[in-house]
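Read through the structure below, which is laid out as structure tokens, and then see the notes.
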Amino acid sequence: MLELDQVSLSRGEDPWIHPTTLVLERGALNILLGPTRAGKTSLMRLMAGLEVPTSGRLRMDGVDVTGRSVRKRNVAMVYQAFVNYPRQTVFENIASPLKVRGEGRAAIEEQVRRIAGLLRLDPYLYRKPLELSGGQQQRVALARALVKRAELVLLDEPLANLDYKLREEMREELPRLLTDSGSVVVYATSDPAEALLLGGPTAVLHEGRVAQFGPANDVYRRPQNLLAASAFSDPPPNVLHDLPLAPVCAVRAHHLRPDRTHPSDLAFEATVTASDISGSETFVHIDLPGCAGVMLRRGVHVYEPGATLEVFVSPHDVLCFDANGEALAPAEAVRG
Amino acid sequence: MATIAFQGLRHSYATGAAPQASFALSHVPIAFEDGGRFALLGSSGCGKTTLLNIISGLLRPSEGRVLFDGADVTDRPTEARNIAQVFQFPVVYEGLTVAENLAFPLRNRGVGREDARRRVAEILDMTGLAHMADRRARSLAPDEKQLVSLGRGLVRADVAAILFDEPLTVIDPQQKWRLRSRLKALHAQTGRTMIYVTHDQTEALTFADRVMVMHDGEVVQAGSPSDLFDSPEHTFVGYFIGSPGMNVLPVDVDGRNARIGGQSFELDGDPPGDLSGRLEIGVRPEHVQVGTTGLAIEVQRVEDLGRVRIVRARLEGHDLAAVLHEGEPLPADPRVTFAHGRAHLYRDSRRVALVGAGR
Amino acid sequence: MKPTNQKAWLLVLPVLGLVALSAVIPLMTVVNYSVQDTFGNNQFFWAGTAWYEQVLHSERFWSALARSLSFSAIILAIEIPLGVFIALNMPRKGVGVVVTLVLIALPLLIPWNVVGTIWQVFGRVDIGLLGATLNAAGVDYNYVQDPIDAWATLILMDVWHWTSLVALLAYAGLVSIPDAYYQAARIDGASQWSVFRYIQLPRLGRVLTIAVLLRFMDSFMIYTEPFVVTGGGPGNSTTFLSIDLVQMAVGQFDLGPAAAWSIIYFLIILTLSWIFYAVMTRDESK
């Protein structure tokens, strides 16, 4: 169990990480979710001991490790870029942390084979990393982190550089591999879908502050504030200020629909500015009254820029916030 | 301006007589019509860059001809082909200003000073680079450099086509969308043929009105984005376009009766007469309806993506994915049907019929 | 968000210490000599700027400076274009690369005084291959007697010895240019000259800055080779600043003027190097 107790980090006058308290358990896949520059990497560097907190304490299983350098701790890290030793074979790459620790030849052999089997790297053990695909290279980096049996495993957007079909496959494997490891696992991502799919306790970060911490699903369905709602929506939600429901209303892109499904639906005039097609989904960029927005539709649909249309949203799907961006009761309550 | 077509085009990087298997490019039954917006889509090593280099003349095909408006240009060098290209990494003449960069191709071709100045001014306006015309190209941001690079293609009046080789690779995610919209707008304004090579389905489907999907050196399907999604001609297209990709299940067909493992169901349409070869049924996860009637499945797990849930299941020992929309329930004893008119029959990976499928 | 760690400065301390020992302290000794006079017995008298004035008013200093500057200018004018030209024509792929690199690098491996000796012998009219051949062909060549021949020999020697360095630096710069640039140039219909002028030369800017600086500093301070080949002659014709300085300090024991001379020499190199650097990198800061 890793505890962050009012941990903060400043650079001169600039606070990079505001005082943060988090408890991360073993056997769970803990997630840091936030856009780039939200402070995910800084927070991970603090956890690893690569960075000394400006204030606050860091405890590992109750033992204070604040300020203990990363060399004296048993930490493994996997980065966005595929970091491997290019001159060594996959086997030697995976074995390297065990060799450093001075384990016997037989023990190394056994552990490397076991982890390579789990990550389906067995056919490539005697190749060099650069001869492998991106996904395989990243699995080698992952294997090196896991074989170490570190008390803390940090993964910083490990799938960001993979193409999307590989990313799909890796997302399926990761939870199983990581939660069995017995380590405290922390996984940073900027992709809300990835956070939901991995499904662990999720800390939503915004500009160096934890906007909300809880099970991924809870945070997604019931964001406590507008920041959490924004970070946990891709594309960002449409924020509307002049609805009768609440001072600030957020509507996720997929909740906007091109047709009315219920008499109580709210309707808006919209003008199409552009559309993006991602294979299974179409992002329709539209101008809504008072804001630029996005409507998301499953499937491939063609929208010409400049076309006007009416879009609808069910009041049940509207996330309501007060003027400060704090969540209000669900829409029904407001309407009485 | 020209229509670009090919005749018996094949290319192998091996020298000497090449065996069939080593062709990097072997089946290109397509043409790029004048003024169109095209994308070549495929994973790395599928032959898309090879095809691009053959069009631009940087590579000479080992077999076949390249035709621009019917004229054989196979033996013409790049500089004689009137092709412009935007590369993966922005290429600008760093010591020159933005305006000088745009004038560069004109100057090399001996265009008069006054004419060149007018053309450059026009393109500066069009690309939105006018306010930085006198800046040195090396000081620009990557997306601006790509625009300069594209501008060098647009500035020439004689360009038959502008080729883009993964042009957004080094662009910030926030800028990607902007640059893509700009490219489409420039296409609308100039009517130039544009050919865009990428491995990213979003970029291809968003940019082009005709997408050519490449796999193992072949163009497996050429069509509009909705064609590719609604009726994939090849199982690879079904897999590659869409997330998750299309379900492909081995099937036995006898008249209108279809059988997967021990379960059978009826097809909506008549299958073709010739049913030899490996038969598969393909249906997108969006068109697998989960309910209480139809084929029995074993649910393995449910992935919650927020806006939809993906049911990962086994149907007679084969993987099957289905999309559940927000709020749709998953029954205790789930069964699936395929949406009317949405299932396709494949013989040896090629689509032979739209068979729809019922219960 | 890259946090900075001030502790990194500690790592630089040992280097700063070494630099202080190896450069600053000897330099301070020289400064010390340059403002004092001595008659032996470790007795020193304050001389103020007298030595500096003497040096700056001596015709000897100015003519040596003119010779050194001319030598450097000629060397740069030949070696930089020639080095770039060689680099442009070196193979980029295949077995030829290794062979060419080794051949080109060979002169750089020869110690300076050996280079001097080689050319001293090579140019001799009685037994030297160059000198004897030229004379046999009817060319009146004798570097011991004719100042022009002495200069030509020294320049030829330096070009032979050091053009390789420029060529290797330029080659490194050239191979770092991605293929896409050459492809783009073909598409834009650029001529061979345009490719050089607008792609290769701008990309070489940085390495050429280094090459020019190195070759300038080195040729401006050249000592060993001319000392071995010509010994500064005939007459004073190849007496460069460094040779004259050594004659003054070691031959005549004029420590005060020699020290002042050194300091002025050092300041000239520093200033000129800085000007070169500023001019050549001026474009990049824009």
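A note on names: the letters A, B, ... follow the listed sequences, proteins ahead of strands, and every chain is numbered from 1. Just so we're clear, the structure is a prediction, and the values are computed from it rather than from any experiment.
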Report task. Check whether Arg156(B) gets within reach of chain C through its side chain, its backbone, both or neither, counting any heavy atom under 4.5 Å. Result -> side chain
Query raised in the report: Where on Phe87(B) is there a heavy atom nearer than 4.5 Å to chain C: the side chain, the backbone, both, or neither?
Result: side chain
Query raised in the report: Is a salt bridge present between Arg65(B) and Asp75(B), judged by a nitrogen-to-oxygen distance below 4.0 Å?
Result: yes
**Report entry** Pi-cation contact, Phe23(B) with Arg10(B) (under 6.0 Å, within 45°)
**Finding:** yes
Query raised in the report: Non-hydrogen atoms of chain C under 4.5 Å away: do they reach the side chain of Val86(B), the backbone, both or neither?
Result: neither
Query - Between Gln85(B), Arg109(B), Arg135(B), Glu94(B), the one whose heavy-atom pairs under 4.5 Å with chain C are most numerous - result: Arg109(B)
Query raised in the report: So, do Phe71(C) and Phe220(C) have ring centers that fall under 6.0 Å from each other?
Result: no
**Report entry** Contact leader toward chain C among Leu106(B), Asn53(B), Leu96(B), Asp165(B), where contacts are heavy-atom pairs under 4.5 Å
**Finding:** Leu96(B)
Report task. Taking the six-membered ring for Trp and the full ring for Phe, Tyr or His, determine whether the centres of Phe240(C) and Trp151(C) are under 6.0 Å apart. Result -> yes
Query raised in the report: For the residue pair Leu88(C) and Gln200(C), what are the closest heavy atoms and their distance?
Result: CD2-OE1, 3.4 Å
**Report entry** Region of Arg203(C) that comes under 4.5 Å of a non-hydrogen atom in chain B
**Finding:** side chain
